[in-house]
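Numbers here are sequence positions counted from 1.
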Amino acid sequence: MSIIRKTLSRNDVSETDAHQAGMYILKQDISFFPRLGTDIQNPRAHLVFEDMTGRSWTFDFIYYNNSFFGGTRDEYRLTPMNDYFNLYNIRAGDTIILERTENGKFKINHEKQQ
């Protein structure tokens with residue numbers, strides 16, 4: 001089993017209106033996800049996560065890699081998460097918990113900021 005815990009920033013939850021809501025993935029945590037190459041621009045994997053109620057959510061794990069194509073961006077994100085964030089009223093300061101089970105299933109949960 002593998003787990004990522006991340007306290008969400010304002011940018012993660014789109015409180016800055018900079019992009020669609022999606023959490024930034026630290027490079028130290030990318031092994032949790034399927035491998036994405038650099039041979040195409042912005043490769044992605046569609047992943048299905050199950051929340052604590054049993055509801056399924058499809059998110060894209062994206063490698064924004066335009067640094068390999070003449071740009072400067074080089075970051076991983078899990079997006080779009082707007083509907084999940086809105087349903088559970090998730091805001092900056094709350095924590096997302098991602099889990100990959102032994103049988104390869106993805107789970108998502110959250111903790112509200114105290």
Side-chain angles (χ1 to χ4, degrees):
M1 177 171 45
S2 182
I3 295 176
I4 294 174
R5 294 179 60 87
K6 181 166 193 273
T7 301
L8 298 171
S9 70
R10 291 182 66 235
N11 194 43
D12 289 331
V13 297
S14 199
E15 289 177 8
T16 61
D17 295 324
H19 61 83
Q20 62 183 336
M23 63 184 246
Y24 176 80
I25 303 297
L26 297 171
K27 296 221 171 157
Q28 69 194 34
D29 292 330
I30 62 172
S31 63
F32 175 91
F33 298 95
R35 183 162 163 37
L36 300 175
T38 58
D39 54 332
I40 63 170
Q41 192 167 5
N42 301 336
R44 67 193 66 217
H46 304 291
L47 305 176
V48 177
F49 284 79
E50 184 179 299
D51 72 16
M52 61 280 184
T53 70
R55 183 172 177 171
S56 292
W57 300 88
T58 300
F59 303 129
D60 289 337
F61 174 57
I62 303 174
Y63 180 25
Y64 290 106
N65 64 354
N66 75 12
S67 65
F68 293 98
F69 298 90
T72 59
R73 206 161 172 200
D74 182 21
E75 68 183 29
Y76 294 85
R77 286 197 173 269
L78 191 62
T79 189
M81 300 182 79
N82 308 59
D83 292 341
Y84 181 83
F85 291 162
N86 289 337
L87 179 66
Y88 293 111
N89 195 31
I90 294 172
R91 301 285 179 251
D94 294 343
T95 300
I96 287 289
I97 302 121
L98 304 177
E99 177 184 339
R100 191 181 66 223
T101 65
E102 298 293 331
N103 60 2
K105 293 188 184 237
F106 292 100
K107 304 230 179 232
I108 186 168
N109 202 343
H110 61 275
E111 294 172 349
K112 297 299 286 175
Q113 180 179 345
Q114 299 295 324

Measuring from [X]:[atom1] to [Y]:[atom2], what's the distance to the nearest 0.5 Å?
| X | Y | atom1 | atom2 | value |
| --- | --- | --- | --- | --- |
| Ser56 | Ile108 | OG | CD1 | 11.5 Å |
| Lys6 | Tyr24 | NZ | OH | 8.5 Å |
| Glu50 | Lys105 | CD | NZ | 7.0 Å |
| Asp29 | Ile4 | CG | CD1 | 4.0 Å |
| Leu78 | Asp12 | CG | CG | 10.0 Å |
| Thr7 | Glu111 | OG1 | CD | 8.5 Å |

Quiz item: What heavy-atom pair brings Arg5 and Ile97 nearest, and what distance separates the two atoms?
Solution: NH1-CG1, 3.5 Å
Exercise. Can you see which heavy atom on Pro43 is nearest to which on Leu36, and at what distance?
Key: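 Nearest heavy atoms, Pro43 then Leu36: O-CD1, 3.6 Å.
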What about [X] and [Y], same hydrophobic cluster or not, with Ile/Leu/Val/Met/Phe/Trp/Tyr joined at side-chain heavy-atom distances under 4.5 Å?
| X | Y | answer |
| --- | --- | --- |
| Phe61 | Ile40 | no |
| Ile90 | Met52 | yes |
| Leu26 | Phe49 | no |

Self-check item: Full working for side-chain contact (heavy atoms from CB on, under 4.5 Å) between Phe33 and Leu47
Solution: CA-CA 9 Å; Phe33 298 95; Leu47 305 176; 3.7 Å; yes
Quiz prompt | Asp60 bridged to Arg77 by N-O distance under 4.0 Å | solution =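 Answer for the salt bridge query: no.
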Exercise. Answer yes when Glu75 and Lys27 have at least one side-chain N-carboxylate O distance shorter than 4.0 Å, and no when they do not.
Key: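 So Glu75 does not pair with Lys27 through a salt bridge.
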Practice problem: Would you please test Asn11 and Ser9 for side-chain hydrogen bond (donor to acceptor under 3.5 Å, both in side chains) and show each step? | Solution: CA-CA 5 Å; Asn11 194 43; Ser9 70; 5.3 Å; no
Check whether any side-chain heavy atom of [X] lies under 4.5 Å from a side-chain heavy atom of [Y], and answer yes or no.
| X | Y | value |
| --- | --- | --- |
| Asp39 | Phe68 | no |
| Tyr76 | Asn65 | no |
| Leu8 | Phe85 | yes |
| Thr72 | Ser67 | no |
| Phe69 | Thr38 | no |
| Phe32 | Phe106 | yes |
| Met23 | Leu98 | yes |
| Phe59 | Met81 | yes |

Self-check item: Asp51 side chain to Gly54 backbone, donor-acceptor under 3.5 Å
Solution: yes
Quiz prompt | Pair Tyr88-Asp94, side-chain donor/acceptor within less than 3.5 Å | solution =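 No donor-acceptor contact under 3.5 Å links the two side chains.
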Practice problem: May I ask you to check whether Arg91 and Asn89 show a side-chain donor-acceptor distance below 3.5 Å? | Solution: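 There is such a pair (donor and acceptor under 3.5 Å, judged by atom type) between the side chains of Arg91 and Asn89.
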Practice problem: Check whether more than 12 heavy atoms from other residues, nucleotides or ligands sit under 6.0 Å from atom NZ of Lys112, and answer yes or no. | Solution: yes
